[in-house]
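Notes for the one structure printed next.
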Amino acid sequence: MEAQRRAKRDEARVIGLSPYGGRTDDLLSLAGAHAKYDEAADNAFKEHKDPSCDERPRLRIAGRVVLHRDNGKLIWLNLRDASRESFQIAVSKKDCDEQGFALAKLTDLGDIVIAEGPLMMTRTGEVTCWAISLQPAAKCLLPPPEKHSGLQDIELRYRQRYIDMWSNPHTTKVLELRSRVISSIRTFLTERGFLEVETPMLQTQAGGAAARPFITHMNALDIELYMRVAPELYLKRLLVGGLPRVFEINRNFRNEGLDKQHNPEFTMLELYQAFGNYETVMALTEDLVRHAARDVSAKKAATLPFRDGTIDYERPFDRVTYAELFEKHLGFAMTERDKVRSEIELRNLKMRTEVGVELDHWFLVNTLFEEFAESKLDPCRPTWIIDYPAALSPLTRPRHDDASLAERADLFIGGMEIGPHYTELNDPDVQAAKFREQLAGVDDEETTFRTFDEDFINALKVGMPPAGGMGLGIDRLIMLLANQSSIRDVIAFPMMKPLGS
RNA sequence: GGGAGCCUAGCUCAAUCGGUAGAGCACCGGCCUUUUAAGCCGUAGGUUCUGGGUUCGAGUCCCAGGGCUCUCACCA
């Protein structure tokens, strides 16, 4: 089949056409072209048939051929581009130039062509470009997917996104929505005085989150480098340096499993606001998410479908403390150590390794919490869980009134954790102690990437203003706004295992 | 990493109990100047994911491997 298409390509060359096209100015998008139809001019031309007073708009368009109907001396093509699924071209032997008509005969589904001609309406009422010329722009040498059902095979859709995108227009729509949302977030933050920055992706220590990093080697310095798992410790250094409001939208890399909510590289918004706290950044995020939802929503009020339900972004997000939610679903307070322990045994849950009595208790609490409390949240109600146990939040400032709790909030929407929010810890001594506590008891593998960042402590010694900080999983936000249940559907090129291994 | 399911023509999908591998679209040849998932006539297209096994006979049953999907586990 490829050989047949090559032959047609070469035939086009023989009749003087350039099969791979070239620069073409004054191209209209297919949607733009369709909007240019002038009914009065079309009717006037149909009445008089006088070429000297043809007022119909004449335009030049390009697109991929998705339908091809050859009626002998009249050939119909339907083109597709990112702006419009289908736009009809008629190539008539009488009205089109000779080369163009010959090309229409040689055209295969999947080819990209350039057409030029007046806009008219057919008998059946379809706005159509009545071509006077047709030029090749690119030959499609490989057979395209079925023209009506599109490319269905989920694996091929991910592996060959370049086919999926034009075969299934919805794929492109999701990528466009993604771009629009990120652009909206940048504008939102910039208008509020935040400075966008870029911090290292190649780090000598992988800090800021507890995840396995990807490790690589730098030849020039002969050292191991880590792909960042988070930008946090560098953004905070910028606060020390004097920038009051910073954010970064960029990739993080985590060497963990992949599923519907995890891709090894993913996009994160991380933000810090000097002299704020977790309440400050929570308010900011709530506003930002609502703003983005409104940008996406066709209606003014931002309610968007997600999976089986509808999420209302307009009403203030729900709030519940970690302790309340725990007690509500477990039936006892998280501080009751004996009950926590016996509950774990009763439910026959796996215990974490012994890392010390204090930390052990809170790990057990969190196991119960994630299993029986967090999962019970209404997916249709955006919800803040606030005041996490301090033991689980090593980079967060403890509450003034209760040092066992941290000023940390997590936003949950649609059953997904969207982003943690913190009052940042800026006491170097407390931070150093937390680092040491986290390092204690970890196994050999973990110690290879859980390291004590001396320079970060040094920065805190110089003095970091009190601050609120947050991270927002952009891919998950896009999943919500685009109603996609897999992270792979909002990433152009998701991670795939290579074939033939 | 565990469990379950899927993999058939370029694409979308069939194939009863283990008994001749099919259709539509795409492709190729022919006809057609208002079609629109164009239509009509004709042709061609297969390592049934790979490798073994059972059987007179395997797309179908068994074993191993690969990829994908779902799910569980891991993941402060």
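In what follows, chains are A, B, ... by sequence order, proteins preceding strands, each numbered from 1.
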Open item on the list: Nearest to the A/Glu146 side chain among B/C25, B/A26, B/C74, which nucleotide is it?
Closed with: B/C25
TODO: Please report, rounded to the nearest Å, how far the P atom of B/C40 is from the CG atom of A/Asp70.
DONE: 15 Å
- [ ] Output the single nucleotide from B/U12, B/C68, B/C28 whose closest atom is nearest the side chain of A/Gln4.
- [x] B/C28
TODO: Over 60° means perpendicular and under 30° means parallel, so classify the ring planes of A/Phe369 and A/Tyr322, tilted if in between.
DONE: parallel
Open item on the list: Classify A/Lys94 by what it touches in the nucleic acid, base, sugar-phosphate, or nothing, heavy-atom distance under 4.0 Å.
Closed with: base
Task: B/C11 versus B/G46 - spacing of their P atoms, nearest Å - done: 14 Å
Open item on the list: Categorize A/Asn78 for me: base, sugar-phosphate, or nothing, with a 4.0 angstrom heavy-atom threshold over every strand shown.
Closed with: nothing
Open item on the list: Rounded to whole Å, please give me the gap between CG in A/Leu258 and P in B/C70.
Closed with: 11 Å
Open item on the list: Tell me whether the side-chain N/O atoms of A/Arg488 come closer than 4.0 Å to OP1 or OP2 in B/U69.
Closed with: yes
Task: Whether over 12 other heavy atoms sit under 6.0 Å from A/Lys36 NZ - done: no
- [ ] Establish, for the pair A/Arg408 and A/Tyr388, whether the NZ or CZ atom is under 6.0 angstrom from the six-membered ring centre and no further than 45 degrees off its axis.
- [x] yes
Task: Donor-acceptor pair present, A/Arg123 side chain and B/U34 base, under 3.5 Å - done: no
Open item on the list: Is it true that A/Thr199 and A/Arg228 share a donor-acceptor pair across their side chains at a distance under 3.5 Å?
Closed with: yes
Task: Donor + acceptor pair across side chains of A/Arg69, A/Gln88 (<3.5 Å) - done: yes
- [ ] Check RNA chain B against residues 102-113 of chain A and give the residues with a non-hydrogen atom under 4.0 Å, in numerical order.
- [x] A/Asp108, A/Leu109
Open item on the list: Just the rounded figure in Å: distance from P of B/C75 to CZ of A/Arg254.
Closed with: 14 Å
TODO: Counting Watson-Crick and G-U wobble pairs only, both distances under 3.5 Å, name the nucleotide matched with B/A64, or none.
DONE: B/U50
Task: Donor/acceptor link under 3.5 angstrom from A/Ser92 side chain onto base of B/U34 - done: no
Open item on the list: Side chains of A/Asn43 and A/Glu47: any donor to acceptor distance under 3.5 Å?
Closed with: no
TODO: Could you tell me whether the phosphate oxygens of B/U35, OP1 or OP2, come under 4.0 Å of any side-chain nitrogen or oxygen in A/Arg69?
DONE: no
Open item on the list: When you measure from the side-chain N and O atoms of A/Lys147 to the phosphate of B/G10, is any distance below 4.0 Å, counting only OP1 and OP2?
Closed with: no
TODO: Return no unless some side-chain N or O of A/Arg159 is found under 4.0 Å from OP1 or OP2 of B/C68.
DONE: yes
TODO: Examine distances only and state if a side-chain atom of A/His68 and a backbone atom of A/Ala104 form a donor-acceptor pair shorter than 3.5 Å.
DONE: yes
Open item on the list: Any donor-acceptor pair under 3.5 Å linking the side-chain atoms of A/Asp387 with those of A/Thr321?
Closed with: no
Task: Verdict with reasoning, A/Asn263 to A/Arg488, per side chain to side chain donor-acceptor pair (under 3.5 Å) - done: CA-CA 7 Å; A/Asn263 196 63; A/Arg488 320 188 100 187; 4.9 Å; no
Task: Closest to the A/Pro144 side chain, choosing from B/C25, B/A26, B/U34 - done: B/A26
Task: Length of the line joining A/His361:NE2 and B/A76:P, which is rounded to integer Å - done: 18 Å
Task: B/U16: pairing nucleotide in any strand, Watson-Crick or G-U under 3.5 angstrom - done: none
Open item on the list: Just to be sure I understand the rule, does A/Gln152 reach a base, reach only the sugar-phosphate, or reach nothing, if contact means heavy atoms closer than 4.0 Å?
Closed with: sugar-phosphate
TODO: Based on the glycosidic angle (syn within 90° of 0, else anti), state the conformation of B/C17.
DONE: syn
TODO: Write down the partner of B/A4 under the Watson-Crick or G-U wobble criteria, each distance required to be under 3.5 Å.
DONE: B/U69
Open item on the list: Does a side-chain N or O of A/Lys497 approach OP1 or OP2 of B/G67 to a distance below 4.0 Å, or not?
Closed with: yes
Open item on the list: When the C1' atoms of B/A15 and B/U8 are compared, how many Å lie between them, rounded to an integer?
Closed with: 9 Å
Task: Atom-to-atom span, CG of A/Leu425 to C1' of B/A76 - whole angstrom - done: 15 Å
Open item on the list: Determine whether a donor-acceptor pair (one donor, one acceptor, N or O, separation below 3.5 Å) exists between the side chain of A/Gln88 and the base of B/U35.
Closed with: yes
Open item on the list: Starting the side chain at C-beta, find the nucleotide from B/C25, B/U69, B/A76 nearest to A/Ile154.
Closed with: B/U69
Task: Selected nucleotide, minimal atom distance to A/Asn366 side chain, candidates B/U34, B/A76, B/C25 - done: B/A76
- [ ] Examine B/C28: is either OP1 or OP2 under 4.0 Å from a nitrogen or oxygen in the side chain of A/Lys8? Give yes or no.
- [x] yes
TODO: Determine the Euclidean distance between corresponding P atoms of B/G1 and B/A64; express it in Å to zero decimal places.
DONE: 16 Å
